[in-house]
There are 2 protein chains.
Amino acid sequence: MASSRRARLYGGMDAEERRAERRLKLIDAAIEVYGEVGYRGATVKAICEAAELTERYFYESFANSEALLIAAYNHVVGHLHEEMTAAAAAGGDDAEMRLRAALTLYFTRLKEHPKPARVFLLEISGISPAVDAVKLDALRVFSDILVPPALDAKGSDKSGTATLLSNGMVGAVISIALRWVSRQYPQPVEDVVAVAASFCRVALTEANHRQDPRLR
Amino acid sequence: MASSRRARLYGGMDAEERRAERRLKLIDAAIEVYGEVGYRGATVKAICEAAELTERYFYESFANSEALLIAAYNHVVGHLHEEMTAAAAAGGDDAEMRLRAALTLYFTRLKEHPKPARVFLLEISGISPAVDAVKLDALRVFSDILVPPALDAKGSDKSGTATLLSNGMVGAVISIALRWVSRQYPQPVEDVVAVAASFCRVALTEANHRQDPRLR
DNA sequence: GTTATCTGACAATACGGATTGTCAATACTG
DNA sequence: CAGTATTGACAATCCGTATTGTCAGATAAC
């Protein structure tokens, strides 16, 4: 019963496995095509051609273009965040060190993969409420990786200042990244990291100052 | 000859004047409609209805939807920047004071006009290269208003750090603004200004530190 | 009042892409 | 090998909007 008759194998693969493979190919192809013509310029047909699949398989895995965009975004960003978290952990106990490690990894990857960078930095905005929600979620994670929310800030922030700070920080980093990418990396990674870090430091230190307003 | 036969008057207006008036009505209507359904959801027809004009007049003044978007953007942002410049000037000689004055005006206006705020903060990105160029230009102006480029920084920045700093600063402010607007203004203007200013201060002070790297 | 100009409503056309459907070719199973 | 599941190519349909065109009615000039 446990291994009830499985679906016919093709290329040594389960029906499920084949489906999963096609799904991945579509995601990879989408990233590629988005990078060429942007999300808006990307037609279902073009993506399918790039994936060497036909439209039928598109709708097998995704309800519509937007679903694929979200899947592709999560695919890329999820992996990136994992790497950043690992890099931060490897950075030791010092908040400053971990921050720099995470940022360095971030900008390094951005430089290694220009195509997805452009799309997922820029075009991900304003597509639809669903996409925006996904992006907001990712940005929250991003922020928490860079500057982990202090436990002791729990009660001391009824005003929502912490939210503003983390917004600003993420906005600064993303904005720097965006321009750096679209100008094709005019500055070395270290310089970019240094500047980005100086904005993150605002969120890092300002949160503490807040505890004792007299410091400012 | 000087006052050669002008076009027939309608409603006491020149042909030119009527055209200009229609153009303005279209821009106002566009801002309204964009605010309701977003730029992408805004059809030519809907905008024309809101403007109480027919499509014919749309194409009289604009080559296509994108042209109207750009015109509307420049209309709103141009005015805003004028006001910010004035506010900054009224702030006196102190860079910090001028910064706060400009930011206060900025966030105050944002709160007064939620609809255009959303569109021109968010949806303006990634429409097309032409629109992006217009936006980049506006952001440069914005940056220069907040933190006027120091004259003495001329030679000391071959690395493009100043560019990175101003990108980050603008990114932080815009990002804060965006979320603040879409969350319907949870914090008072003063708090938002204070946090935004702390990010701007990075660009303000970091530029100086750069002159003597030992300071950091 | 007559005529030329301008206006508003709306029809006609054009276009591009999403989504679904058909069918023959191919790859596996027994 | 015969039979069925699976695939790939592509046609057919659907849908919505941009853009252009038509025409009767309204408005100003003389």
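Below, all heavy atoms of this structure are taken into account, side chains as well, without hydrogens, waters or symmetry copies. Order of the sequence lines fixes the chain letters, A, B, ..., with proteins taken first and strands second; residue numbering starts at 1 for each chain.
- If you take CE of A/Met13 and P of C/dT26, they are 22 Å apart, rounded to a whole angstrom.
- Annotation: the span from A/Phe142 atom CZ to A/Ile174 atom CD1 amounts to 5.0 Å, rounded to 0.5 Å.
- Between the P atom of C/dT19 and the CZ atom of A/Phe62 lies a distance of 13 Å, rounded to the nearest Å.
- Listed nucleotides: C/dA9, C/dA18, D/dG8. Nearest to the side chain of A/Leu53: D/dG8.
- Taking every heavy atom of both residues into account, A/Ala101 and A/Ala87 meet most closely at CB-O, 3.5 Å.
- The side chain of B/Tyr59 approaches D/dA18 more closely than any other nucleotide in the set C/dG8, C/dT19, D/dA18.
- For D/dA29, its base never sits under 3.5 Å from the side chain of B/Arg8 at any donor and acceptor pair.
- A donor-acceptor contact closer than 3.5 angstrom links the side chains of B/Glu66 and B/Ser128.
- Each of B/Ala42 and B/Gly12 lies near DNA chain D, and the nucleotide nearest B/Ala42 is the one positioned closer to the 5' end.
- Evaluation of atom-type donor-acceptor distances gives a pair under 3.5 Å for the side chain of A/Tyr10 against the base of D/dA5.
- In this structure, B/Glu60 atom CD and C/dG8 atom P are separated by 11 Å, rounded to whole Å.
- Of the residues listed (B/Val76, B/Ile47, B/Val119), the one engaging B/Ile31 in a side-chain contact (heavy atoms from CB on, under 4.5 Å) is B/Val76, and it is the only one.
- Of the two residues contacting DNA chain C, namely B/Arg18 and B/Glu55, the nearest-nucleotide position lying further toward the 5' end is that of B/Arg18.
- Rounded to whole angstrom, the span from the CG atom of A/Leu9 across to the C1' atom of D/dT6 amounts to 13 Å.
- Take the nearest nucleotide of DNA chain D for A/Thr54 and for B/Ser65: the residue whose nucleotide is more 5' is A/Thr54.
- Rounded to a whole Å, the CZ atom of A/Phe58 is 19 Å from the C1' atom of D/dT7.
- In the interface, the side chain of A/Arg56 is not paired with the base of C/dG21 through any donor and acceptor atom under 3.5 Å apart.
- The nearest whole Å value for the distance from the CD atom in B/Glu17 to the P atom in D/dA28 is 14 Å.
- Heavy atoms of A/Arg40 sit nowhere under 4.0 angstrom from any nucleic acid atom.
- In this structure, NZ of B/Lys45 is placed 18 Å from P of D/dT20, rounded to the nearest angstrom.
- A/Arg22 comes within 4.0 angstrom of sugar-phosphate atoms only, judged by non-hydrogen atoms across all strands, and of no base.
- Distance, B/Leu26 CG to D/dA18 C1': 15 Å, rounded to whole Å.
- For the pair A/Ile70 and A/Phe62, the minimum side-chain heavy-atom distance is 4.5 Å or more.
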